[in-house]
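See structure below.
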Amino acid sequence: MMYVIPEDIEFIVPVDLREALELINKLNNVKALAGGTDLVVDLKTGRFKPKYVVYIGGLKELRYIRDNNGSLHIGAVTTIQEILDSKIIAEKAPLLRAATEKFAYWQIRNTATIGGNLCNASPAADTAPPLLVYEAIIKAESVRGSRLIPIREFFKGPRQTALERDELVTEIIVPYKDLENSGYSYFKVGRRRGYDISLVAVACVVKVEGGVISDVRLALNSVAPIPVRAMNVEKTLIGKKPSLEIIEESSKLVVYDISPISDVRAPIEYRQYMAKLLTREALLEALKKTGVM
Amino acid sequence: MCINMVKVAFKVNGEHIELDVSPRELLINTLRSKLGLTSVKYGCGIGECGACTVLVNGEPVLACLTLTVDVNSKDIITLEGLSKNGLTDIQRAFIEEGAIQCGYCTPGFIIMAEYMLREVPNPTISDVKEYLKGNLCRCTGYINIFRAVLKAAKSRVSR
Ligand SMILES: Cc1cc2nc3c(=O)[nH]c(=O)nc-3n(C[C@H](O)[C@H](O)[C@H](O)COP(=O)(O)OP(=O)(O)OC[C@H]3O[C@@H](n4cnc5c(N)ncnc54)[C@H](O)[C@@H]3O)c2cc1C
Ligand code: FES
Ligand code: FES
């Protein structure tokens, strides 16, 4: 069954983005295919049964990493491995790099794209927590033009996004200026090294100025229908002097930011427990990187 | 039903290949069924086992999740290509260390080990574990595989 993609599907390889957008606008029951690490599996299992598949993974104009005025601009079909290997990302958005380091394994990372990771909208997507922390902006394009969607409004539910039927994500914009020179960390627990679909992951950035926490942002995946920011934890920490006590106390509040479920991968109690634990560890590690703890 | 066949041209193990394929054809099937390269193993079909790993432009990729149209004009290496001139040092080390039982996972491991040794000529045991973490073996328990890869690394460095 998993040998082939079932017969009744037509694949189309557009020559450029414009053609891709026209096809997606014109055709009914159509899906875009980037790296295919989610979609090829979904086509094999029949979870999705599109009539047409438009192959966007080969569109060179959507594959780039650029630094522009305090923001990184990442083309949607840039692969996870390209992000992991990128010097600009390591320097300007090290938290995003840290998350891609924990992303699956070599063979998958070489194919999986950042756009596919977001558009697949799995609650476990590993690029989502860091991008929530950076308050990234998703550029969506269609034949009607383009619009910018703040990442916090992008995820609508498991496998559901704010995209219109005929829109493609073309770029991810990562503003990093505010978070330069801050401590960061990404913690993730999965079932198996390599097949690391996360059970809980926490992304964290902390900035300390004048001895107090001047900015702190945390985001988690796999603990709610969509990846979430931990606003209750953040609020408790802001303006405080970093200490073990305040970390301990604030990380417990993460349970008010999340709404985990029990599923085949883990029960609710485990996810709650791990969310608290990883939040604490993530804060500690990020603060260590700032040099204050 | 309308099947739009696509012409693809790519290199496999140094040889130029031109084929008409359906754009939904998966690389694993092109390699195994059309080109007879049966070292590329079908383990899970969903990206979890690494048995179908091949090198595409020098990078390891899963043939079970790759469309053949996507390798157009690219350069593919399978284990047949690596061992064109006889057993490689990694293959010999696998045999010597008993790193093979049923052998089904072996080609994938050897491709990944080859990739690692090109990137990290002097690997530690944790490098080996990191690079091979996407490959599953149901038989050997990994210890002998790690030992074999480290042995091959050593022999390469001292060469
Ligand atoms: C073995 C294995 C391990 C994995 N491990 C991880 C992991 O550790 N962490 C993790 O986060 N994920 C993991 N994944 C999931 C998957 O690899 C990622 O979600 C990946 O980033 C998807 O990208 P893709 O390019 O392969 O997407 P595709 O499969 O090509 O597409 C996914 C979905 O998004 C849509 N889409 C793609 N690009 C666009 C676009 N530009 N605009 C609009 N829609 C688009 C497609 O139509 C499709 O519905 C794993 C998958 C496998 C098979
Ligand atoms: S067959 Fe491709 S990863 Fe298992
Ligand atoms: S030797 Fe049998 S699966 Fe590895």
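Every chain is numbered from 1 and lettered A, B, ... according to where its sequence line falls, protein lines coming before strand lines.
- At a 4.5 Å heavy-atom cutoff, the contact between B:Asn29 and chain A is made by side-chain atoms alone.
- In this structure, B:Glu96 and B:Lys151 have side chains that are in contact, with non-hydrogen atoms separated by less than 4.5 Å.
- Looking at heavy atoms from C-beta onward, B:Leu27 lies out of side-chain contact with B:Leu67 at the 4.5 angstrom threshold.
- Counting non-hydrogen atoms of other residues, nucleotides and ligands closer than 6.0 Å to NZ of B:Lys84 gives a total above 12.
- With a threshold of 4.5 angstrom between heavy atoms, A:Leu33 approaches chain B through side-chain atoms but not through N, CA, C or O.
- Summarising the local packing, NZ of B:Lys34 is surrounded by more than 12 heavy atoms from other residues, nucleotides or ligands at distances under 6.0 Å.
- Residue B:Leu132: no heavy atom, backbone or side chain, is found under 4.5 Å from chain A.
- B:Leu62 touches chain A through backbone and side chain together, each having a heavy atom under 4.5 Å away.
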